[in-house]
Amino acid sequence: VFKPSAKKKKTLSLGEFLTNVFTACKVLQDELNRNILDSLLDFTRKCSSTRQHSDWASQMRASEIPTAALVLGVNVPDHDMTFQSLSDLLQQSVTPYVASVQAKECGGKGLRGSLMGTVVTVDDEEEEEAEQTSAQHHKSVHCSLSTLCDWYNTKTKKSNTGTPGKKRSSPVRDGPQQPPVVIIFKDLEAFNPRVLQDFILICSRYIERLPLMFIFGIATSPSTIQHLLPHSVSSLLCIELFQSLSCTQHLATVIDKLILTKQFPFKLNGKVMQVLISIFLYHDFSVRKFIKGIQLALLEHFHSQPLSVLCCKKKEALLNVMQLDHLDLERIRHLLSFKRYVEKQEPREQVDLLTDDTHLKEVCQKLIKDLHKYHKNYYPILRCLHTLTSSLPRYPLGKQIRELHLICLEKNVWESEDYQSAMKLLKMLAKDELIALLQRCAEILQPAKSKKIKSALVQLEDMLTKFKQLDSKYITSPLKHLQKKTDLAQLQKTLLEMNESRRAKKLSPFEVLRNEALEFIDSLVKSHLSPPESQVLNEVCYYTSSATVRRHLNATPRTSIQAALNSPFYYLQTEDGTVSNAAPDICIVYKLHLECGRLITFTTEMLFLSLFSSARFIRAVSELEFLGFIKSTKQKTDHVARLTWGGC
């Protein structure tokens, strides 16, 4: 029987794991706006099918253009991906005639030209040559909607008639006979109001000849339409509003699917998580960039950590442990978490761990199992604690689960003042509120397969049963035991008992059970929500270099440019560390200006011209000035001054 080499088997497992992670990221990005995109597809199909009826003009009430107002929110960097997905889906299932336009591409008459150019390029394979000729022709002549109507009629007639002997290659095979022409305005707020108004007015005159349909991409508020379009223009549109989920809701979904899950062994520590969340909240609101940050951390971890071969599914990790060589085992012995583990062992065990490779592999297998059990128990308890505390006044442990997760990553959450405050507030909840929260916790623990979590679920369900039984129990007051006719001694005795009970602060059955339930939750938190740094071999799964992530995702532009100009060999991947003649002109001029003090003089130019031409020198100096490294000076016409850091 042929047995594959250990190295080949290890690489295959790692490759599959990385592929699964990146595939999950791609699927998640596609699913973020799935509901809103499906609603838009239904809207376009409905409008398209309505147009097939003979009473189209009456139904659209005098030249109304069906318009979808798509409110996507302020996460503008993610809009391109959303509109690309929408355009692809429309072309696959509704119409091949889809045009996406941006404000910067459409100044005045250029809007019609952009539409014409975009629509013309989307067609059948057998007519590609004719389309290229047509596109070149439209670039040289005036584009108008009348021309577009003639082109559309020609295209739809050809599509309906078909070409003998050839198969139609359009993706919309079973679509309507007159598919709509969909125009997507990606950034409605950025369009010139006058240009937009004129375009809508012109389009409304052709609605009976051309089945136009608009999709407005809005980043702020639906009221933008009212600000851009007067009533005389907006009345020509039949507008339906589509509201996407907020970017923070999308972020919560991404964190839930990619981070707060035991499906992927790769994890981020608290500092890296904080960097990614800070970039999202304070810079771009881009969920796409947040996912790219996770992928970057993943690649950096597997590139920089040799022991990341153990960051995989438990079964594969256990096999990989047995394939580690002596060098890998020495790396394990130098891990900080493993050193702490060794210090707690008996002297004889310490010697075996540090000298016996076979014994170390066996121990590492046990530690890997413990690490996977930790993650399996951590996330259900984290969600339970979030469920209990996310609705408390002032949100002591945060409103979002990511906030609670960050706290748990950094320290023992039960030792914080916020946690103690949250437990005090939980003791003030009414019975119905507490029962509802505990019931939600039981639902969270229900799918878990861990033995400890299953045991916790049984205890929690028992407590819920006791809570519900309190409703049927008749709790009597001490005064109820008194007879209607009683003597003074018995009354005095009863009052004394009541007084002693108040002094002792005797708890009601509900209060006793409530305290028992909260103590049980507290024990679960202390058992399963310890920081990952407390787990042995946590370095195998957790990426910790927040500085690297910040440098790649949120780099300082001037610092990056200066590094590129000063060390082009690093970016150009040349062997020589010096700036040679083959380097870009701007790099050579930058090096020369560093050696010339405050001013770039005629001498510098002569030095450069000894190698290159004057035009190239002027262009390189202009580029440096554009980047903000130098500026013109009035001292001499052939001098430019170096800008300081503060002056930039």
Side-chain angles (χ1 to χ4, degrees), residues 6-26 28 254-273 275-276 291-341 360-379 382 405 408-409 450 530-546 548-549 552:
K7 184 175 181 181
K8 183 177 180 181
K9 187 174 183 179
K10 190 184 306 183
T11 305
L12 179 63
S13 175
L14 176 59
E16 290 177 347
F17 171 72
L18 293 176
T19 302
N20 292 338
V21 174
F22 278 84
T23 302
C25 292
K26 180 64 171 63
L28 181 58
V254 170
I255 291 177
D256 182 72
K257 299 294 184 181
L258 296 182
I259 295 178
L260 302 181
T261 174
K262 62 181 180 62
Q263 181 180 359
F264 302 117
F266 172 73
K267 308 296 177 185
L268 304 175
N269 79 333
K271 292 182 179 179
V272 177
M273 273 283 295
V275 168
L276 293 179
I291 295 176
K292 292 295 182 183
I294 297 176
Q295 294 174 334
L296 169 66
L298 175 70
L299 293 178
E300 285 287 338
H301 178 67
F302 279 90
H303 175 72
S304 60
Q305 174 57 271
L307 295 175
S308 59
V309 68
L310 303 180
C311 182
C312 51
K313 298 293 185 180
K314 183 176 71 172
K315 184 177 180 180
E316 297 171 351
L318 296 178
L319 292 175
N320 290 341
V321 166
M322 303 308 295
Q323 298 171 1
L324 296 178
D325 55 23
H326 178 73
L327 180 60
D328 292 329
L329 295 175
E330 284 299 317
R331 291 191 178 104
I332 290 179
R333 293 183 174 111
H334 284 84
L335 293 178
L336 184 60
S337 63
F338 187 78
K339 289 181 179 179
R340 291 197 297 261
Y341 171 78
L360 178 58
K361 289 182 179 181
E362 296 175 355
V363 173
C364 283
Q365 284 190 324
K366 175 183 177 299
L367 296 176
I368 288 293
K369 291 180 181 179
D370 293 341
L371 187 60
H372 281 265
K373 289 179 182 178
Y374 166 78
H375 290 139
K376 190 181 295 185
N377 298 331
Y378 175 90
Y379 296 112
L382 179 74
H405 180 54
C408 295
L409 289 177
S450 169
S530 57
E533 282 78 4
S534 63
Q535 303 301 309
V536 188
L537 301 186
N538 67 84
E539 296 90 343
V540 167
C541 296
Y542 282 83
Y543 181 69
T544 59
S545 181
S546 59
T548 302
V549 174
H552 283 290

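Not measured: the values here are computed from a predicted model.
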Without swapping roles, check the side chain of Tyr341 against the backbone of Leu537 for a donor-acceptor pair under 3.5 Å.
no
Please report the C-alpha distance between Leu335 and Leu307 in whole Å, then the side-chain angles of each, then the deciding distance to 0.1 Å, and finally whether the side chain to side chain contact (heavy atoms under 4.5 Å, CB included) criterion is met.
CA-CA 10 Å; Leu335 293 178; Leu307 295 175; 3.8 Å; yes
Non-hydrogen side-chain atoms of Lys271 and Val275 separated by less than 4.5 Å:
no
For the backbone of Met322 and the side chain of Lys361, can you confirm whether one donor and one acceptor N or O come within less than 3.5 Å of each other?
yes
Let me confirm one number: the CG-CD1 distance from Leu276 to Ile291, rounded to the nearest 0.5 Å.
11.0 Å
Do Thr544 and Asn269 pass the side chain to side chain donor-acceptor pair (under 3.5 Å) test, and can you show the C-alpha distance, the side-chain angles, and the key distance before you say yes or no?
CA-CA 6 Å; Thr544 59; Asn269 79 333; 5.1 Å; no
Under the side chain to side chain donor-acceptor pair (under 3.5 Å) criterion, do His405 and Tyr378 qualify, and how do the steps go?
CA-CA 10 Å; His405 180 54; Tyr378 175 90; 3.0 Å; yes
From CA spacing to verdict: side chain to side chain contact (heavy atoms under 4.5 Å, CB included), Asp328, Val309:
CA-CA 10 Å; Asp328 292 329; Val309 68; 5.8 Å; no
Those residues at least two apart in sequence (or on a different chain) that pass salt bridge (charged side-chain N to carboxylate O under 4.0 Å, His left out) with Lys26 are Asp30
Using atom types as modelled and distance alone, determine if a side-chain donor or acceptor of Ser304 lies under 3.5 Å from a backbone N or O of Glu300.
yes
Tyr542 OH to Met273 CE distance, which is reported to the nearest 0.5 Å:
11.0 Å
Is there a donor-acceptor pair under 3.5 Å between the side chain of Lys262 and the backbone N or O of Tyr379?
no
Report yes if the side chains of Gln535 and Ser530 come closer than 4.5 Å at any heavy-atom pair, otherwise no.
yes
Rounded distance [0.5 Å steps], NZ in Lys267 versus CD1 in Ile294
11.0 Å
Search all heavy atoms of Arg333 against all heavy atoms of Phe338 and return the closest pair with its distance.
CA-CD2, 3.7 Å
Could you tell me which non-hydrogen atom of Pro265 sits nearest to which non-hydrogen atom of Cys312, and how far apart they are?
CG-O, 3.2 Å
Can you tell me how far CG of Leu367 sits from CG of Asn538, rounded to the nearest 0.5 angstrom?
11.0 Å
Got a donor-acceptor contact below 3.5 angstrom from the Ser534 side chain to the Pro531 backbone?
yes
Nearest heavy-atom approach of Ile368 to Ala317 is CG2-CB, 3.9 Å
Do side-chain atoms of Lys313 reach the backbone of Gln263 as a donor and acceptor pair under 3.5 angstrom?
yes
The test is side chain to side chain contact (heavy atoms under 4.5 Å, CB included); show your working for Leu299 and Leu296 and say whether it passes.
CA-CA 5 Å; Leu299 293 178; Leu296 169 66; 5.6 Å; no
Side chains of Lys314 and Leu318: closer than 4.5 Å at any heavy-atom pair?
yes
In terms of heavy-atom contacts, Pro532 and Cys408 come closest through CD-O, 4.2 Å
To the nearest 0.5 Å, atom SG of Cys364 lies from atom CG of Leu371 at 11.5 Å
Report the C-alpha distance between Phe266 and Ser308 in whole Å, list the side-chain angles of each, state the deciding distance to 0.1 Å, and finish with yes or no for side chain to side chain contact (heavy atoms under 4.5 Å, CB included).
CA-CA 9 Å; Phe266 172 73; Ser308 59; over 6 Å; no
On a heavy-atom basis, the closest approach of His334 and Lys339 is O-CE, 3.6 Å
Which residue in the set Tyr543, Phe22, Phe264 passes side-chain contact (heavy atoms from CB on, under 4.5 Å) when paired with Leu298?
Phe22
With rounding to the nearest 0.5 Å, note down the distance linking NE2 in His301 to CG in Leu268.
10.0 Å
Identify the two heavy atoms, one from Gln305 and one from Glu539, that lie closest to each other, and give their separation to 0.1 Å.
NE2-O, 3.8 Å
